[in-house]
Amino acid sequence: MNLKDLDWKPLALVPVLALLVLPFVGSPSTWVTLTVAGLAMGMIIFIIASGLTLVFGLMDVLNFGHGVFIALGAFVATSVLGAMGDYTGSASLWRNLLAVLPAMVVAMLVAAAVGLAFERFIVRPVYGNHLKQILITMGGMIIGEELIKVIWGPQQIPLPLPEGMRGSLYFGDAAVEKYRLIAVVVGAIVFGVLLWTLARTKIGLLIRAGVQDREMVESLGYRIRVLFVGVFVVGSALAGLGGVMWGLYQQNVVPQMGAQVNVLIFMVLIIGGLGSTTGALVGALLVGLMANYTGFLVPKAALFSNILLMMAILLWRPQGVYALAK
Amino acid sequence: MLSRLLSNDYPRSRVLAVILVLLFVALALTPFLIPGVKALNVAAKILVFFVLVASFDLLLGYTGIVSFAHTMFFGIGAYGVAIASTRMGPGWSALALGTVAALALSFVLALAIGLFSLRVRAIFFSMITLAFAAAFQTLASQLSDITGGEDGLTFKMPELLSPSYQFSETPLFGVSLDGRLLCYYLLFVLCIVLFLAMLRVVNSPFGRVLQAIRENEFRAEAIGYRVVVYRTVSSVLSALFATLAGAMLAIWLRYNGPDTTLSFEVMLDVLLIVVIGGMGTIYGAAIGSALFVVAQSYLQDLLRLASDAVAGLPWLAALLSPDRWLLWLGVLFVLSVYYFPSGVVGRLRELQLPRSARPRAARPAQTT
Amino acid sequence: MSENLLELSGVHTHIAAYHILHGVDLVVPRGQLTMLLGRNGAGKTTTLRTIMGLWRASQGRVTFGGQDITQLATPQIAGLGVAYVPENMGIFADLTVKENMVLAARGARNVAQIDSARLQWIFSLFPAVEKFWNHPAGKLSGGQKQMLAVSRAIVEPRELLIIDEPSKGLAPAIINNMIDAFAQLKSQGVTILLVEQNINFAKRLGDTVAVMDNGVVVHAGSMKALADDEELQQSLLGLAL
Amino acid sequence: MTQLATHDLTVRFGGHVAVNGVTCSFEPGTLTAIVGPNGAGKTTYFNLISGQLKATAGRVTLGGRDLTGTSASARTRAGLGRAFQLTNLFPRLTVLENVRLAVQATREGTHRHGMNLWSVWSDHADLVERADELLRSIALKDREDELVASLPHGDQRKLEVALLMALEPQVYMFDEPTAGMNHAEAPVILDLIRRLKADKSKTILLVEHKMDVVRELADRIIVLHNGTLVADGKPAEVIASPIVQEAYLGVTKEAA
Amino acid sequence: QSKEIRVAHIYSRTGPLEAYGKQTQTGLQMGLEYATGGTMMVAGKKIVLIEKDDQGKPDLGKSLLAAAYSDDKADIAVGPTSSGVALAMLPVAEEYKKILLVEPAVADSITGDKWNKYIFRTGRNSSQDAISNAVAVDKDNVSVGMLAQDYAFGRDGVKAFKDALHHAKIVHEEYLPMTTTDFTAGIQRLIAALKDKPGRKIIEVVWAGGTPPFNALADADLQKRYGIEVATGGNILPAMTAYKRFPGMEGATYYYFGIPKNPANEALVSMHYKEFKTPPDFFTAGGFSAAMALVTALKKTNGDASAAKLIPAMEGMSFDTPKGKMTFRKEDHQAMQSMYHFKIKVDPAFAWGVPELVHEIKPEEMQVPIRNKR
Ligand SMILES: Nc1ncnc2c1ncn2[C@@H]1O[C@H](COP(=O)(O)OP(=O)(O)OP(=O)(O)O)[C@@H](O)[C@H]1O
Ligand SMILES: Nc1ncnc2c1ncn2[C@@H]1O[C@H](COP(=O)(O)OP(=O)(O)OP(=O)(O)O)[C@@H](O)[C@H]1O
Ligand SMILES: [Mg+2]
Ligand SMILES: [Mg+2]
């Protein structure tokens with residue numbers, strides 16, 4: 001991308017917001033704690049939302065079932081990590097990573113495989129029809145959640161964070177949880193890879209074109225069918241990864257967790273603008289920051305901070321901060 | 001006469017007509033045909049959902065607006081009756097005041113939402129209403145001094161509509177003639193009246209314009225219709241009908257809480273019913289509600305039988321366990337979108353139409 | 001190698017419950033420009049869509065370069081070297097003109113990889129494509145969209161071009177350019193199949209002609225014969241010209 | 001007499017001026033053809049007149065009434081009717097319903113009909129009759145119950161025109177009404193336009209690339225080029241002018 | 001008089017509280033077996049258990065209870081899991097003039113202002129929870145910051161807790177949305193309020209369901225940095241895994257299988273291990289207690305399940321449970337029961353933090369207010 005073409009205003013929003021609240025927070029150490037935690041939270045949200053930016057943003061598929069893949073990833077992680085007690089119990093970060101990485105990989109693979117089936121049996125018949133997508137993916141969501149209950153049981157399952165990832169790092173009087181820093185690294189990797197793939201290849205273009213006129217893309221000789229499946233599967237895998245990250249953050253998982261984060265990530269995408277990876281990142285960071293700032297300054301409003309943020313952004317840019325599509 | 005009543009919008013399918021008549025008779029005679037509290041509750045729920053779903057169809061099927069905030073109005077209606085009855089004590093004036101106040105609030109909110117919808121893309125609008133509805137539900141449970149919070153409100157109805165009121169000592173055909181029965185028939189009559197009213201609205205010149213807007217808003221504006229006005233009127237109307245459905249539910253349940261009327265689950269049910277019944281056909285709401293409510297109420301019983309039958313196969317039994325009834329509802333969801341893309345009513349009508357007039361699988365024409 | 005690049009024999013097509021094509025027989029000789037004529041609703045578009053695999057023939061055979069393509073999927077057919085411009089032009093409105101072109105160039109991953117001489121040639125034919133290179137294609141004028149649609153079809157060499165009403169909405173000057181372009185393409189050995197309503201266009205370019213009515217081909221022959229034969233034109237006038 | 005006029009009408013898209021200070025008025029009883037190369041701004045000019053686009057500058061008046069700033073629907077109600085270059089119908093409604101809706105929109109007291117929530121649409125038999133009549137006039141009567149989406153392209157173009165006719169406006173704006181229409185079918189549309197011309201109270205604007213059609217129908221031709229009005233006059237004169245010959249018909253280029 | 005006693009158990013077989021409801025059902029079943037010596041007979045009558053699923057929906061619970069009393073001819077009903085459902089059910093019991101034995105819904109108002117004489121409750125109420133938790137921290141020179149969910153239960157819980165404190169001082173109340181997942185802001189506010197206070201500093205957590213704040217609290221290292229402790233009540237075992245990170249944390253619980261020492265509890269634990277290979281949990285004990293109460297009462301009335309007979313028999317009745325003896329208070333039919341002041345120990349053999357008994361808080365030690373208007 002040409003640097004001159006870059007629309008910097010939305011990116012500037014994040015630091016501007018942070019600086020704006022500084023005088024209100026008062027104590028600089030509290031401000032640092034809130035800001036760093038908020039940004040890191042934003043990164044976690046970005047990871048769980050990243051799959052949906054592909055599926056909803058590019059393919060225009062309103063997948064309410066996305067949450068199921070998040071929950072699935074988290075549940076798979078409970079099984080994998082549960083079997084690797086030696087590694088998670090160790091206080092060494094490296095041994096912990098040796099457990100968490102396979103958990104991520106397995107979760108992504110399982111989510112991808114289920115995503116493949118989901119695409120085939122649930123989503124395929126309804127491309128291009130939002131209403132039907134909403135309905136049928138809701139159905140898929142219910143089925144997925146119930147199947148999770150059949151396999152893992154209806155109760156909450158603990159997903160303890162490996163020893164070495166617990167606790168905080170201190171910068172003066174400000175504390176930052178270690179896990180959040182790990183999330184920042186993972187989020188940055190996901191962001192980079194997504195951005196690179198979409199910018200460097202025709203995939204992004206093809207998908208957007210395919211959404212507008214499938215027949216034409218096929219007539220140009222592309223197997224859009226395969227591409228859509230591929231994107232959906234990658235989206236599901238990212239959701240699985242997000243599930244692992246989210247589950248480890250919460251340290252316990254419930255079958256309903258997917259439905260619980262659905263609305264949040266939809267809001268992030270609306271703020272960010274459909275189909276824009278950068279937008280999703282900005283949206284997630286804003287949401288993470290806002291939650292902490294309002295939670296600290298006006299706790300009563302914290303509940304509605306996301307909605308207020310979304311409304312404000314939409315009044316400024318009705319298509320979200322970065323609108324790819326018209 | 002009948003034609004006037006039905007606004008000249010006949011079921012347009014013989015099978016459908018027969019089913020509708022049967023449904024009408026069944027609902028009219030439920031208290032006498034099927035004994036028991038459960039059956040009556042199921043029938044009453046069908047009546048309420050019928051009105052609610054039809055009002056949503058006005059918005060979705062006829063105007064093409066996908067809003068997830070519809071249950072908000074349903075909830076407002078129910079809370080109107082609930083709060084008034086709790087505060088003022090049971091009585092007709094509480095009922096009337098509660099309903100009117102709820103209608104007024106719905107009117108204002110629907111107007112605001114209607115106007116806001118103009119600013120954003122349709123798909124954004126849906127997502128925003130989703131967030132909005134969630135916020136409203138939270139608000140309802142937060143304002144516990146007024147709404148009873150999570151616990152909701154349990155209240156009493158006027159004497160005449162209470163189970164304890166007996167207006168005849170001798171039971172008729174073994175059914176005791178009490179306030180509950182009266183309450184049921186009140187709902188029944190309300191339901192029929194509201195249904196006919198909605199049927200009239202969608203078959204009025206106004207209703208036709210709504211369909212045009214749904215199909216191609218740009219062109220509707222170009223041939224001289226003020227899209228904004230039509231959209232807003234239709235949102236408001238559908239909100240008001242939903243409010244009335246909420247009031248009906250509160251009257252029947254003598255209870256209301258956030259989960260009962262405001263939860264996303266209710267919204268999902270409404271969506272599913274619209275699809276099962278057939279979008280853009282008020283009749284679909286009747287068929288859909290009946291099918292869905294009955295399925296929802298008896299699915300667990302059915303599954304119990306099924307899982308007992310396959311008790312030997314643990315895996316299958318786990319899947320068929322009554323606790324997993326939602327799983328099967330989900331499957332039903334998916335299958336109905338698959339196999340009844342135009343709903344039961346649409347399907348039946350297609351079978352009836354002359355071949356040449358059947359809708360064709362066509363890609364939408366490109367518009368500029 | 002057969003004489004005819006494309007052959008349809010006895011093709012029937014149903015759309016949903018409707019029987020639209022009733023046994024179409026059509027040959028498109030290699031290296032020639034074939035005109036498909038016929039009144040509104042005759043089934044021309046349906047024939048083209050059937051060739052592209054966008055509708056599936058319920059009976060009959062479509063062969064391309066001797067290979068049976070009746071059952072192939074659209075991308076496979078396109079992959080054999082067929083370019084298609086649909087009636088509605090199939091512009092990706094949300095993408096820029098440049099992005100539209102990049103997609104059409106299957107072999108290129110970005111603009112730099114598109115054969116630049118060919119691109120310059122396209123720009124000279126259709127100046128608007130160059131002028132609006134970075135604009136969203138949806139904002140182009142009707143004629144500009146048509147130019148873009150045709151440009152996409154010729155951005156890379158293809159064996160067969162299928163175009164549904166190329167001259168629709170174009171100003172006479174541009175029609176002239178297009179006629180030039182088709183002539184050049186033909187000289188490079190490209191085979192072309194056009195549906196056309198503009199009779200002058202047809203007369204100036206067509207080598208062979210087929211006239212459709214009611215889902216069948218009612219006349220096929222050389223364009224010259226048809227142009228010279230006033231009587232035949234008269235008898236087909238109601239149908240085609 | 002109502003006359004349509006544009007004063008210094010301009011629209012800018014970013015740096016691109018699509019219509020550039022066009023001042024022109026159109027008399028009832030005349031058919032003015034608007035010609036110009038692709039992208040000259042003809043459709044955009046129509047969009048500005050009918051209110052689909054907001055002008056950056058300039059005014060549109062009808063019979064002395066200033067319509068600048070009013071919505072598209074208001075302009076339609078004021079008597080401006082247009083058909084679109086790219087077909088733009090109600091795809092999943094029937095042919096009859098498409099036309100009927102347009103008839104309903106313009107009947108005296110639009111608001112009474114359109115906003116009438118309590119009468120039954122089929123009771124307004126006059127509307128259906130008028131729609132029927134229109135369909136007959138464009139030879140689509142036999143397809144009246146079909147969904148528009150399944151019509152062949154040519155028939156959709158005809159319907160596009162039928163919707164405009166149904167509006168019975170003061171000013172008719174046709175944007176390439178016969179594009180993609182067969183030579184045997186196009187006369188149906190051309191006949192309709194001819195009949196309209198006979199009604200001397202109507203103003204007709206026609207964008208058309210087929211010069212034979214223009215020559216036959218137009219009383220006056222105006223030429224747009226790069227958004228600017230470059231020629232205006234009798235058909236024969238305008239067609240003979242060098243700018244039309246060169247930029248539009250491409251005569252010199254071919255010679256070169 | 002029929003030969004059967006029909007008991008309807010209405011609970012969340014599905015829905016958000018599915019896991020809790022199932023524990024109650026297991027406990028109830030085991031309790032009935034234990035109390036009847038495996039015969040399921042009382043005074044020559046067979047106890048028939050009818051299960052119904054309220055899905056956690058009050059409206060559904062309400063109509064299920066009506067259907068149970070009338071269509072299924074149930075004599076007595078037990079349940080439900082959620083307080084909201086229970087509150088909606090109360091008037092139905094009154095309408096049908098039959099007993100509803102509430103277990104395990106906790107809201108005070110069930111035996112408070114919404115109470116009617118057909119309502120009994122074996123489960124503990126919020127006040128009992130709050131008072132026992134208060135007992136665990138109520139010392140002089142203690143500053144407490146409350147961390148609770150922002151809705152009726154959270155606020156009521158804090159209020160009851162406050163009312164029960166006599167020595168310690170509440171210096172801050174932090175209410176967070178029920179769905180909170182990021183606790184940074186709330187914890188920062190608590191730190192600000194507590195860190196400069198003299199004496200012991202405690203954050204008392206009143207949290208049910210959702211994401212509990214314990215991990216966030218543990219990660220913030222409050223003890224080390226500011227000397228702030230964390231305290232909270234008991235919970236189901238999976239939720240108590242988070243307690244492992246707070247060795248030495250004090251609080252009070254309703255039940256933990258290792259704490260009470262009595263025959264009923266031994267029976268429950270061994271039955272449960274035998275059937276599921278896991279210890280019984282929070283709500284299993286409740287279901288078991290409800291069964292014991294029922295059978296004891298029916299024995300007293302000699303199998304007469306009418307409310308007219310049962311109410312006098314049950315008022316003031318004492319019965320054995322896994323938590324020792326409980327007594328239905330005459331005034332509001334709330335079962336008075338022991339609670340357990342515990343201290344968390346970390347034991348690698350268990351996946352959760354193990355609560356060790358500090359002190360059994362006997363019913364007499366708790367002034368549980370009577371809130372109904374009788
Ligand atoms: N999607 C569809 N569903 C049903 N019928 C269709 C569909 N598309 C086309 N038809 C019918 O098939 C017939 C042939 O249509 P086709 O579009 O092939 O005609 P055409 O020769 O291309 O006409 P035109 O010159 O107007 O473009 C028409 O009668 C049309 O109504
Ligand atoms: N909304 C818009 N945004 C940006 N540019 C536009 C927009 N609408 C039109 N244009 C540009 O304005 C110019 C005029 O377009 P217009 O559609 O008016 O041309 P036209 O004369 O009707 O051409 P044609 O004969 O091809 O239909 C074109 O270059 C087009 O790209
Ligand atoms: Mg065609
Ligand atoms: Mg144009």
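Below, read A as the first sequence line, B as the second, and so on, with proteins coming before strands; counting in each chain starts at 1. Not measured: the values here are computed from a predicted model.
No part of A/Tyr179 comes within reach of chain E, as not one of its non-hydrogen atoms sits under 4.5 angstrom from that chain. Both the backbone and the side chain of A/Asn292 come within contact range of chain E, each with at least one heavy atom under 4.5 Å from a heavy atom of that chain. Both the backbone and the side chain of A/Gln156 come within less than 4.5 Å of a heavy atom of chain E. Interface remark: A/Gln250 contributes backbone and side-chain atoms alike to the contact with chain E (heavy atom separation under 4.5 Å). Proximity to chain E (any heavy atom under 4.5 Å) is restricted, for A/Tyr170, to the side chain, taken from C-beta onward.
The CD1 atom of A/Ile45 sits 7.0 Å away from the OG1 atom of E/Thr181 when rounded to the nearest 0.5 Å. Rounded to the nearest 0.5 Å, atoms CD (A/Gln155) and CD (E/Glu18) are 9.0 Å apart.
Residues E/Tyr175 and A/Lys300 have side chains not in contact (no heavy-atom distance under 4.5 Å, counting atoms from C-beta outward). Between E/Thr184 and A/Leu34 there is a side-chain heavy-atom pair separated by less than 4.5 Å. Considering only heavy atoms from C-beta on, E/Asn215 stays 4.5 Å or farther from A/Pro160 through its side chain.
A salt bridge is defined here as a Lys NZ or Arg NE, NH1 or NH2 lying under 4.0 Å from an Asp or Glu carboxylate O, and A/Arg180 with E/Asp219 fails to meet this definition.
Sequence neighbours left out, not one pair with a member in residues 37-48 of chain A passes salt bridge (charged side-chain N to carboxylate O under 4.0 Å, His left out).
Every residue two or more places apart in sequence or in another chain that forms a salt bridge (charged side-chain N to carboxylate O under 4.0 Å, His left out) with E/Arg200 is listed here: E/Glu229.
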